[in-house]
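Each remark here refers to the structure printed beneath this line.
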There are 2 protein chains.
Amino acid sequence: MIKYSRQREAIRKQISNRGDHPTAETLYAELKGDFPNLSFATVYRNLNQLVEQGEIAKINVGGATRFDYDPLPHSHFFCRKCGAVIDMPENDSAMLLAAHEGFSGIIEACTSNFYGICPECAAEAKKRSN
Amino acid sequence: MIKYSRQREAIRKQISNRGDHPTAETLYAELKGDFPNLSFATVYRNLNQLVEQGEIAKINVGGATRFDYDPLPHSHFFCRKCGAVIDMPENDSAMLLAAHEGFSGIIEACTSNFYGICPECAAEAKKRSN
DNA sequence: TTTGCTGCAAATTCTTTGCACTGGG
DNA sequence: CCCAGTGCAAAGAATTTGCAGCAAA
């Protein structure tokens, strides 16, 4: 049976409020203010529990582990300039599934990773060149 | 200047011969036969060097680091039954790029991750149900 | 009261680094 | 001869685990 805990609730809320892909360390640092005695163990235990419950997802960004507020499989964009990880608006998996219909295995899900320059950095570069 | 070394050559050959996505530990274990004094440090150093030289690639499979004999960005299929990581024959990035033309950033590369049952496991399951 | 959760510290796992020595160029 | 590469051991970084005390239910 899973009991309520203020720490877990704070972690859940923090990830959800941020709406991005923080590392365990980032979350720990941010919550340390509200819970001075917070330990990494608690953060990790709760993050793993939330992942198991399917409330959040664990993703991997260039070797580092990050947590995603959206547990459903979806695509990400990785900016090579600022390092940002952005959710991609659409994940046309139907199209991808069709594209790989020659594959004899069973494709259940598909996510894509896009690499390049994010909208912000692109705009920044454009502004400078003016 | 990069010098020849039998260890590095063996590592390079091993990855290439396997044609799959081994971990550093797997490679170490396999090469330990030919090089009884081989150390993990040598394996890691050489793997990292080969990655830097663009001869192989580092990929991440469920939190674990693996090495890919094919350094060019391409898609992978992850079997949830046997854990196999299979290269996907085609990576129609042009299609994906087109699909995301509404995105205001600059997409330079794209790889997809497919999840499901690999051809072998699928065939196995089918055979059993007969 | 029972059992999960927390904090702390120690333990793990994976990978890198320092150093003296070997070996390729 | 010179410096990259090696092996070994120690150092690091990230994450997990053991345990005693605390707090939900």
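Chain identifiers are assigned alphabetically (A, B, ...) following the order of the sequence lines, protein sequences preceding nucleic acid strands; residue numbering begins at 1 within each chain.
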>> Treating A/Arg66 as the side-chain partner and A/His21 as the backbone partner, does any N or O pair qualify as donor plus acceptor under 3.5 Å?
In response: yes

>> Counting only side-chain heavy atoms from C-beta out, which of C/dG24, C/dT15, D/dG7 sits nearest to B/Gln7?
In response: D/dG7

>> Rounded to whole Å, please give me the gap between CZ in A/Arg66 and C1' in D/dT15.
In response: 17 Å

>> In this structure, is the centre-to-centre distance between the rings of A/Phe103 and B/Phe77 below 6.0 Å?
In response: yes

>> Does A/Glu25, at its CD atom, have more than 12 non-hydrogen atoms belonging to other residues, nucleotides or ligands within less than 6.0 Å?
In response: no

Quick test: give all pairs of protein nitrogen or oxygen and nucleotides 1-4 of chain D nitrogen or oxygen below 3.5 Å, distance rounded to 0.1 Å.
{"unit_1": "D/dC3", "atom_1": "O2", "unit_2": "B/Lys3", "atom_2": "NZ", "d": "2.7"}

>> Using a strict heavy-atom distance below 4.0 Å, which residues from residues 9-47 of chain B are in contact with DNA chain C?
In response: B/Ala41, B/Tyr44, B/Arg45

>> By nearest heavy atom, map A/Ser5 and B/Tyr4 onto DNA chain C; which one lands nearer the 5' end?
In response: A/Ser5

> Got a second to check how far A/His76's NE2 is from A/Ile86's CD1, nearest 0.5 Å?
Replying inline: 10.5 Å

>> For B/Arg18, is there an ion pair with B/Glu30 - N to carboxylate O distance below 4.0 angstrom?
In response: yes

>> Are more than 12 heavy atoms, taken from residues, nucleotides or ligands other than B/Glu120, located less than 6.0 Å from that residue's CD atom?
In response: no

>> Heavy-atom count check: over 12 atoms from other residues, nucleotides or ligands less than 6.0 Å from B/Lys13 NZ?
In response: no

> Taking atom OH of B/Tyr115 and atom SG of A/Cys110, what is their separation to the nearest 0.5 Å?
Replying inline: 8.5 Å

> Hey, is B/Glu9 close enough to B/Arg12 for a salt bridge, meaning N to O under 4.0 Å?
Replying inline: yes

> Under a 4.0 Å heavy-atom cut-off, which of residues 50-57 of chain A touch DNA chain C?
Replying inline: none

> What is the distance from atom CD of A/Glu55 to atom CD1 of A/Ile11, rounded to the nearest 0.5 Å?
Replying inline: 11.5 Å

